[in-house]
Amino acid sequence: MEGLVTAFDTALKVVQTDAVSMMSTALPVGLGIAGIGIAVRLGMRFFRSLAN
């Protein structure tokens with residue numbers, strides 16, 4: 001039974017490490033895409049305010 005608990009604990013730690021690694025890889029890309037979207041929206045609002 002102790003071997004099963006150890007294997008499960010090790011597996012969860014590996015999954016946690018992989019998940020954190022994926023998030024740290026994807027986060028900069030996601031922030032860049034979100035930033036571009038916000039900049040486009042703000043730019044459109046600005047130019048609409050100039051046109052009126």
Side-chain angles (χ1 to χ4, degrees):
M1 185 68 171
E2 184 65 32
L4 182 63
V5 172
T6 303
F8 187 70
D9 184 53
T10 304
L12 286 179
K13 287 180 182 175
V14 168
V15 169
Q16 176 190 10
T17 303
D18 289 345
V20 170
S21 175
M22 279 192 241
M23 282 189 270
S24 65
T25 301
L27 186 64
V29 175
L31 289 176
I33 292 170
I36 289 170
I38 291 170
V40 167
R41 241 181 283 141
L42 290 175
M44 288 174 62
R45 186 183 308 164
F46 173 73
F47 285 114
R48 281 185 188 156
S49 70
L50 289 179
N52 289 333

Task: Non-hydrogen side-chain atoms of Q16 and L12 separated by less than 4.5 Å - done: no

TODO: Please go through M1's hydrophobic cluster and name the other residues, only I, L, V, M, F, W, Y counting, with side-chain heavy atoms under 4.5 Å joining them.
DONE: L4

- [ ] Please go through M22's hydrophobic cluster and name the other residues, only I, L, V, M, F, W, Y counting, with side-chain heavy atoms under 4.5 Å joining them.
- [x] none

TODO: Kindly write out the residues that satisfy side chain to side chain donor-acceptor pair (under 3.5 Å) with D18, not counting sequence neighbours, or none if the list is empty.
DONE: none

Open item on the list: Main chain of K13, side chain of T17: is a donor-acceptor contact present, judged purely on distance under 3.5 Å?
Closed with: yes

Open item on the list: Could you report the tightest heavy-atom contact between T25 and P28, atom names first, then the distance?
Closed with: O-CD, 3.5 Å

Task: Partners meeting side chain to side chain contact (heavy atoms under 4.5 Å, CB included) with F47 (sequence neighbours left out) - done: L50

- [ ] Hydrophobic side-chain clustering at under 4.5 Å (ILVMFWY, transitive links): who's grouped with L42? Put none if nobody.
- [x] I38

Open item on the list: Which residues pass the side chain to side chain contact (heavy atoms under 4.5 Å, CB included) test with V15, not counting sequence neighbours?
Closed with: none

